[in-house]
Number of protein chains: 2
Amino acid sequence: MKKTAGILKNGPLADMIGFRLRIAQSAAERAFMAAVQGTAPTGHFTILTLVRENPGSRQSAIARAAHLDRSSLVPVLDQLENLGLVERRKHKTDRRAHALYLTDAGQAALKKLERAVMKLEKQVREALGGNRTESLLRDLEDFSALF
Amino acid sequence: MKKTAGILKNGPLADMIGFRLRIAQSAAERAFMAAVQGTAPTGHFTILTLVRENPGSRQSAIARAAHLDRSSLVPVLDQLENLGLVERRKHKTDRRAHALYLTDAGQAALKKLERAVMKLEKQVREALGGNRTESLLRDLEDFSALF
DNA sequence: TATTGTTATACTCTATAACTATA
DNA sequence: TATAGTTATAGAGTATAACAATA
């Protein structure tokens, strides 16, 4: 029997979704940062993707899709705009709102990030297997929908 | 066909583990806080449990088990000690180290938190099904182990 | 009245680097 | 030399409340 010197017991923690989620999420975060070599945080990737998929959206809609308060999106968009990746244009019909678009540089930057992320996802699929990866995604989705 | 007014497309995000993990984890965090009525953050629950399961452990061991830097554990233990839930005692053989223990109040507080959390876990099991819950736990564990 | 984006502010969580006292 | 705990510090990420402009 192998000696597990200094490894502590998780106790009931091992079977708790919240604990497992926290560990998994921080692992995913680190893996993302390594994969993109620190060029962007996960939050930028998320917002860039949502804007590309829904060009012309207003900020509040993007915030909702990212599960962020609209005020939390402001500094993120400020950064992305300063980097020249996103544009806040005038909304056509609502003068309160902004319409969000990726710039050409934003499209290019997102493509580059996506290549790195896809590679990472592929590694996970190979290690975990396609079926388990799919069921993990479904389970996470259904879990989130409970609240 | 139902109208999905204002719901944005996730695009490739829907199939990305990192994104799904982030949403799920923040949902779990909110659910925990609601279940315990804000009496303790998830971090306290984690540390209390680890200390109870491994009484007499030194701080660095607990930090490792919680996937935290040892310096990040210090303020958490300070809080738990101020609340009278945890004790830093002298280590028997190593005068640099502390040996951590739950106080009686700590045992009681943890039991109360556990009741709330178990109720929450049960709800998840009922909604998701026992099998999917088990496989979700296993998948998260194996996912984390990849990095 | 309600919504949009913004500001001001604050809080939580976490890490890094440097320090001390031991080992 | 290396480890244990601490300190000082800083950064990321997020939320709440209040505000002006507009719907």
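Residue numbers begin at 1 in each chain, while the letters A, B, ... track the order of the sequences.
Rounded to an integer number of Å, the gap from B/M33 CE to D/dT14 P is 16 Å. The distance between atom CD of B/E29 and atom C1' of D/dG13, rounded to the nearest whole Å, is 13 Å. For the pair A/D78 CG and C/dG5 P, the interatomic distance rounds to 13 Å; values are reported in whole Å. Between the CZ atom of A/R30 and the P atom of C/dT16 there is a distance of 10 Å, given to the nearest Å. Computed from coordinates, the A/R58 CZ to D/dT22 P distance equals 14 Å when rounded to whole Å. Rounded to an integer number of Å, the gap from CD1 of A/I23 to P of C/dC13 is 14 Å. What separates CZ of B/R89 from C1' of D/dA4 is a distance of 19 Å, to the nearest Å. Between B/L73 atom CG and D/dT7 atom P the separation is 13 Å, expressed in whole Å.
The B/D94 side chain lies nearest to D/dA4 when the options are D/dT14, D/dT6, D/dA4. For B/S72, taking side-chain heavy atoms from C-beta onward, the closest of the listed nucleotides D/dA4, C/dT7, C/dT14 is C/dT14. Taking every side-chain heavy atom of A/R96 into account, C/dT4 is the closest of C/dT4, D/dG13, D/dG5. Which of D/dG13, C/dT7, D/dG5 sits closest to the side chain of B/H98 comes down to D/dG5.
Contact check on A/D15 versus A/R20 returns no salt bridge, with no Lys/Arg side-chain nitrogen under 4.0 Å from an Asp/Glu carboxylate oxygen. By the 4.0 Å N-to-carboxylate-O rule, B/K119 lies too far from B/E114 to be salt-bridged with it. With salt bridges taken as basic N to acidic carboxylate O contacts below 4.0 Å, one links A/R125 and A/E134.
Residue-level contact check: A/S71 touches the bases, meaning some heavy atom is under 4.0 Å from a base atom. As judged by a 4.0 angstrom heavy-atom cut-off over every strand, A/T93 is placed among residues touching the sugar-phosphate backbone only. Within the nucleic acid shown, A/D69 comes within 4.0 Å of at least one base atom, counting heavy atoms only. Residue contacts shown for A/R22 are limited to sugar-phosphate atoms, with no base heavy atom under 4.0 Å away. B/L68 comes within 4.0 angstrom of sugar-phosphate atoms only, judged by non-hydrogen atoms across all strands, and of no base. Counting any heavy atom pair closer than 4.0 Å across all strands shown, A/H91 reaches no nucleic acid atom. At the heavy-atom level, B/R95 lies under 4.0 Å from the strands shown only through sugar-phosphate atoms.
For the OP1/OP2 pair of D/dG5 and a distance below 4.0 Å, the side-chain nitrogens and oxygens of B/R70 include no atom meeting the criterion. Close to D/dT6, at under 4.0 Å from its OP1 or OP2, lies a side-chain N or O of B/Q59.
For the pair B/R30 and A/F147, the cation does not sit on the ring face, since its NZ or CZ is not both under 6.0 Å from the ring centre and inside 45° of the axis.
Here CD of B/E29 is found 3.5 Å from OG1 of B/T42. Values are rounded to the nearest 0.5 Å. The line from CZ of B/R52 to NZ of B/K111 is 8.0 Å long, rounded to the nearest 0.5 Å.
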